[in-house]
Amino acid sequence: MSALILIVEDEPQLAEVLEAYARQEGYRTERAADGLMALTAYRAAHPDLILLDVMLPGKSGLDVLKIVRADGLTPVILVTARAEETDQIVGLELGADDYVVKPFRPREVMARVKAVLRRATAALESNEKPLRVGELEIDRRGVSARVHGHPLALTPAEFRLLAHLAQAPGRAFTREELLAAALPESEALERVVDAHLASVRRKLEAAHAGGLLHTVRGIGYRLEASA
């Protein structure tokens, strides 16, 4: 069965255009015009991906994103008229998988949808063994991470960054490499990597594993267990 896309957009014309392009690509669709309707549709339909406008009546798109992310890892692409870098970073820090800025080309949005869905299913199709770095264990197939056997709550982008670092413990990765691994088709800036990994570091520290993630001055980051 084709993927189900939940389109959350309060501008009817734009919602219709996105729905038409999504159906042309073979996706099934559901629509919602405000934040409360979006949450109702999300819980009832269990979409494979959400196209989520930020500026919505009632609950904002960011409020909806927080609730969706608290529930699980359903992929979310933010659609926003806000071009400011800080707004983009906030959305990604909250767990969005990608974002597009209005005005946009519908075909570009569909390309992002395909890319995010491909990333979301890649781990499920993997037969690779879990990655281990010190007390950290990463299960790419199950899209989960544990420290000392306890789950580590990560956003999708945080998980992808940590998993990429864990593939080569001790190796320093540049921000450009990490951005390409986590958001390869995105227009996100390299400083987004800093924001994501700052959040990862806080979570590792809270799990008593703060010594695993290292900043490499002038280069980027590496993941390495203490000797």
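These numbers come from the heavy atoms of this one structure, side chains and all, not from hydrogens, waters or symmetry mates.
- A 4.5 Å side-chain heavy-atom check between Pro156 and Arg160 finds at least one atom pair inside the cut-off.
- Side-chain contact between Val109 and Val79 is absent, with no heavy-atom pair separated by less than 4.5 Å.
- Every residue two or more places apart in sequence or in another chain that forms a salt bridge (charged side-chain N to carboxylate O under 4.0 Å, His left out) with Arg171 is listed here: Glu177.
- With sequence neighbours excluded, the residues forming a side-chain contact (heavy atoms from CB on, under 4.5 Å) with Ala33 are Met37, listed by chain and number.
- Applying the side-chain contact (heavy atoms from CB on, under 4.5 Å) rule to Pro169 yields the partners Val133; only residues at least two apart in sequence or on another chain are considered.
- Considering only residues two or more places apart in sequence or on other chains, Thr29 meets the side-chain contact (heavy atoms from CB on, under 4.5 Å) condition with Ile7, Glu19, Ala22, Arg23.
- Applying the salt bridge (charged side-chain N to carboxylate O under 4.0 Å, His left out) test to Glu176 and every residue at least two apart in sequence or in another chain returns nothing.
- Legend: residues meeting side-chain hydrogen bond (donor to acceptor under 3.5 Å, both in side chains) with Asp63, ordered by chain and number and at least two apart, are Ser60.
- Within a 6.0 Å radius of NE2 in His148, more than 12 heavy atoms belonging to other residues, nucleotides or ligands are found.
- Screening residues 66-77 for salt bridge (charged side-chain N to carboxylate O under 4.0 Å, His left out) gives Arg69-Asp97 as the qualifying pairs, with residues at least two apart or on separate chains.
- The minimum heavy-atom distance linking Leu117 with Tyr27 is given by the pair CD1-CE2, 3.8 Å.
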Donor-acceptor list for residues 41-59 side chains, cut-off 3.5 Å, not counting sequence neighbours:
residue : atom : partner : partner atom : Å
His46   : NE2  : Arg43   : O            : 3.3
Asp48   : OD2  : Leu4    : N            : 2.7
Asp53   : OD1  : Lys102  : NZ           : 3.4

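- The salt bridge (charged side-chain N to carboxylate O under 4.0 Å, His left out) contacts involving residues 206-226 comprise Arg222-Glu224, where partners must be two or more places apart or lie in separate chains.
- The salt bridge (charged side-chain N to carboxylate O under 4.0 Å, His left out) test applied to Glu137 returns Arg132, not counting sequence neighbours.
- For Tyr21, the ring pair (Phe, Tyr, Trp, His ring centres under 6.0 Å) criterion is met by no residue, not counting sequence neighbours.
- Screening residues 193-215 for salt bridge (charged side-chain N to carboxylate O under 4.0 Å, His left out) gives Glu158-Lys203, Arg175-Asp194 as the qualifying pairs, with residues at least two apart or on separate chains.
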